[in-house]
Amino acid sequence: MRTCQSLSEIQSEIQSGNLTVSQLVEYHLNQIEENNGRLNAFLSVYGDEALQQAAIVDKKINEGTAGKLAGMIVGIKDVFAYDGHPLQCASEILNGFESQYTATCIQRLLDEDAIIIGHQNCDEFAMGSSNENSAFGEVKNPADETRVPGGSSGGSAVAVAANMCQVSIGSDTGGSVRQPAALCGVIGLKPTYSRISRYGLAAYSSSFDTVGVISKCIEDAALTLEVMAGSDEYDSTVSQTKVPDYSSFATGRKFKIAYLSETLDHQGLDKEIKERTLELVDELKTNGHQVEEGHISMLEYNLPTYYVLTAAEASSNLSRYDGVRFGKRAKSENLEQMYKSSRSEGFGEEVKRRIMTGTFVLSASYYDAYYTKAQKVRRLIMKETNKLLEEYDFILSPTTPTTAFKIGELKDDPLQMYLEDLFTVQANVAGIPAISIPYGVDSQGLPIGVQLMTRHFNEKDLLDISNQIITFKDQNR
Ligand code: GLN
């Protein structure tokens, strides 16, 4: 039994006259109306605008001029610029800020007639793993509302899980699309670094930041990626590599897969997640794939490398929020004090922690000991990861060490919170594509996610294997 309805299925219903885009928007607005008060997934909802847009798209459909994404209702994380709409990165420091242009990835969706229904809650400046670091309050996991949805794209994962939109656009710097997707039981796709333009994505850590997609159906993730990817004159770091036809991915090919024993034997890994992942290994073998144990020696260096480098880049990127150019300005006697007070009052605790850590690792006396060292380790992690991927098409592991934890449980223990990212950061350190696929639930009914990583620009095969896994998971229901 299939567990989702893809955009192409929705479009067939529209074509056969059983459904209109306006009705779809109304449906999602109702879901938001009913659930958002409790779940807190959306920060702003653009209801009237979405309905007006829907009427235009319905007309285009009737005239045969609609784009590829006609009928797709999209929510965007509060880190994407959307002209004339608020953008706060879930932070007090951007209070009252409105975008003056639209992010390239969002514009490409609009150009294909997708409808943006609102901006979604997240951890402040995308820093966090639980969505508790938002200036707008925590987001709740629909599977158990006493638990976190993961982060930082928590609102985006919840919105898809609770049918408030068809697809969400999030950002993944260290797992922020995959980890909440795993904890909420939906798909989270992080493409290759540089596959999608970052123009209009508020920068957290520029050499790691990647635009990603959260959806229920794999077809929707593929199509959304296809529309957003590709070169952009506004972002010179975007790859010129041709965008393949991602949406025709289902070849059913047999692959060679390595499962990482260092992740499965990790002491912090929940027993039930381990069991499910091993079940998947068996299932893949039964289905004719070659699955073997693979090893990486550097797992324990992934997190320190990630946290040193991203904090360094964040301290530089976030220096622009000075109380002068954007959002909040504190009242003060003199200019220097105004900068200090604006930043002290505007940023939350976790963001300040990272800015200070980043400033420290970049300071003259410690630069070589931390920043340069971490850059070297990053290179070694990339090398080791790429080597394993020369031999295997995919690296399989759990997405997260635990299922959704209780709200408040890890909030005062940043190190424990950082451990949530243990398995996801490797893909960002190496810049490779990765996906989290929902793979059942634990004995408490909490979703479990499995992660696959692959070679640079091998998204098409990644979608193919994901589709196969989802298909046999659905058959086993
Ligand atoms: N949870 C990770 C962090 O706190 C990842 C964040 C992200 O991918 N934006 O940094």
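By the 4.5 Å heavy-atom criterion applied to side chains, Thr173 and Thr210 are not counted as neighbours. Residues Cys105 and Leu201 have side chains not in contact (no heavy-atom distance under 4.5 Å, counting atoms from C-beta outward). You'll find the side chain of Ser91 stays beyond 4.5 Å of the side chain of Val351, heavy atoms only. In this structure the side chain of Ser171 never reaches within 4.5 angstrom of the side chain of Val211, judged on heavy atoms. At a threshold of 4.5 Å between non-hydrogen side-chain atoms, the residues Thr277 and Pro398 count as touching. Counting heavy atoms from C-beta on, the side chains of Glu138 and Asn40 never come closer than 4.5 Å. Between Glu345 and Glu92 the shortest side-chain heavy-atom distance does not fall below 4.5 Å. Using a 4.5 Å heavy-atom threshold, the side chains of Leu463 and Leu189 count as touching.
If you check the side chains of Glu272 and Gln444, you find no donor sitting under 3.5 Å from an acceptor. Looking only at atom types and distance, the side chain of Asp209 has no donor-acceptor partner in the side chain of Tyr193 under 3.5 Å away. A donor-acceptor pair shorter than 3.5 Å can be found between the side chains of Ser248 and Asp245. No hydrogens or angles considered: nothing links the side chains of Gln179 and Ser129 as a donor-acceptor pair under 3.5 Å. Neither side chain, Thr402 nor Asp270, offers a donor N or O lying under 3.5 Å from an acceptor on the other. Between the side chains of Ser6 and Asp220, not a single donor N or O lies within less than 3.5 Å of an accepting N or O. Under 3.5 Å, the side chains of Lys216 and Asn163 contain a donor-acceptor pair of N or O atoms. Donor-acceptor pairing under 3.5 Å is recorded for the side chains of Gln468 and His289. A donor and an acceptor atom, one from each side chain of Glu420 and Thr400, are nowhere located under 3.5 Å apart. When only modelled atom types and interatomic distance are considered, Gln426 and Thr385 share a side-chain donor-acceptor pair under 3.5 Å.
When the side chain to side chain contact (heavy atoms under 4.5 Å, CB included) test is applied to Glu63, the partners found at least two apart in sequence or on another chain are Lys59, Thr65. With sequence neighbours excluded, the residues forming a ring pair (Phe, Tyr, Trp, His ring centres under 6.0 Å) with Phe394 are Phe255, listed by chain and number. Under the side chain to side chain contact (heavy atoms under 4.5 Å, CB included) criterion, Asp232 pairs with Thr104, Arg108, Ser197, Tyr199, Tyr234, Asp235, Val238, not counting sequence neighbours. His456 pairs by the ring pair (Phe, Tyr, Trp, His ring centres under 6.0 Å) definition with nothing, not counting sequence neighbours. Remark: Thr102 pairs with no residue by the side chain to side chain donor-acceptor pair (under 3.5 Å) rule, at least two apart or across chains. Evaluation of the salt bridge (charged side-chain N to carboxylate O under 4.0 Å, His left out) rule for Glu226 yields Lys68 as partners, not counting sequence neighbours. With sequence neighbours left out, Glu350 forms a salt bridge (charged side-chain N to carboxylate O under 4.0 Å, His left out) with Arg353, Arg354. Partners of Asp144 by salt bridge (charged side-chain N to carboxylate O under 4.0 Å, His left out), not counting sequence neighbours, listed by chain and number: Arg147.
Ring centroids of Phe42 and His119 are separated by 6.0 Å or more, keeping the two rings apart. A ring-centre distance under 6.0 Å is not found for Phe125 and Tyr204.
Residue pairs satisfying the salt bridge (Lys or Arg N to Asp or Glu O under 4.0 Å) criterion with at least one member in residues 32-55, sequence neighbours excluded, are listed as follows: Arg38-Glu145. For the salt bridge (Lys or Arg N to Asp or Glu O under 4.0 Å) condition, the pairs that include at least one residue of residues 156-174, sequence neighbours left out, are Asp172-Arg178. Sorted by first and then second residue, the pairs that involve residues 111-124 and meet salt bridge (Lys or Arg N to Asp or Glu O under 4.0 Å), not counting sequence neighbours, are Lys60-Asp113. The salt bridge (Lys or Arg N to Asp or Glu O under 4.0 Å) pairs that include a residue from residues 453-468 are Arg253-Asp461, Asp393-Arg455, where partners are two or more places apart or lie in different chains.
Between Cys217 and Cys4 the SG-SG gap is short of 2.5 angstrom.
A distance-only check finds no donor-acceptor pair linking the side chain of Ser134 to the backbone of Asn131 [under 3.5 Å]. Side chain of Arg343 to backbone of Tyr321: a donor-acceptor contact under 3.5 angstrom is found. Remark: the backbone N or O of Gln240 is not paired with any side-chain donor or acceptor of Ser231 at under 3.5 angstrom. Using modelled atom types, one side-chain atom of Glu409 and one backbone atom of Lys406 make a donor-acceptor pair closer than 3.5 Å. Between the side chain of His28 and the main chain of Val25, no donor-acceptor pair closer than 3.5 Å is present. Remark: the backbone N or O of Phe423 is paired with a side-chain donor or acceptor of Gln451 at under 3.5 angstrom.
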(request) Carefully, step by step, assess Phe208 and Tyr306 under the rule ring-ring contact (aromatic ring centres under 6.0 Å, His included). (result) CA-CA 9 Å; Phe208 291 77; Tyr306 168 80; 5.7 Å; yes

(request) For Asp83 and Ser99, run side-chain hydrogen bond (donor to acceptor under 3.5 Å, both in side chains): C-alpha distance rounded to whole Å, both residues' side-chain angles, the deciding distance at 0.1 Å, then the answer. (result) CA-CA 5 Å; Asp83 193 11; Ser99 301; over 6 Å; no

(message) Applying side-chain hydrogen bond (donor to acceptor under 3.5 Å, both in side chains) to Ser207 and Glu313, what does each step give before you reach the verdict?
(response) CA-CA 8 Å; Ser207 76; Glu313 293 185 16; 2.6 Å; yes

(request) Give the intermediate values and the outcome of side-chain hydrogen bond (donor to acceptor under 3.5 Å, both in side chains) for residues Ser152 and Lys77. (result) CA-CA 9 Å; Ser152 63; Lys77 184 178 180 179; 2.8 Å; yes

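Put simply, CG on Leu43 and CG on Asn36 are 8.5 Å apart, with the number rounded to the nearest 0.5 Å. Distance check, rounded to the nearest 0.5 Å: CD1 of Ile117 to SG of Cys165 gives 7.5 Å. Here Gln120 contributes atom CD and Phe80 contributes atom CZ; the two are 9.5 Å apart, rounded to the nearest 0.5 Å. Taking CD from Gln166 and CD from Gln5, the interatomic distance works out to 7.5 Å, rounded to the nearest 0.5 Å.
Each of Val57, Ile56, Val74 was scored for a side-chain contact (heavy atoms from CB on, under 4.5 Å) with Ile115, with one residue passing: Val57. For the side-chain contact (heavy atoms from CB on, under 4.5 Å) test with Ile435, the passing option among Val450, Leu462, Thr399 is Leu462; the others fail.
When the shell of 6.0 Å around CD of Glu349 is examined, it contains 12 or fewer heavy atoms from other residues, nucleotides or ligands.
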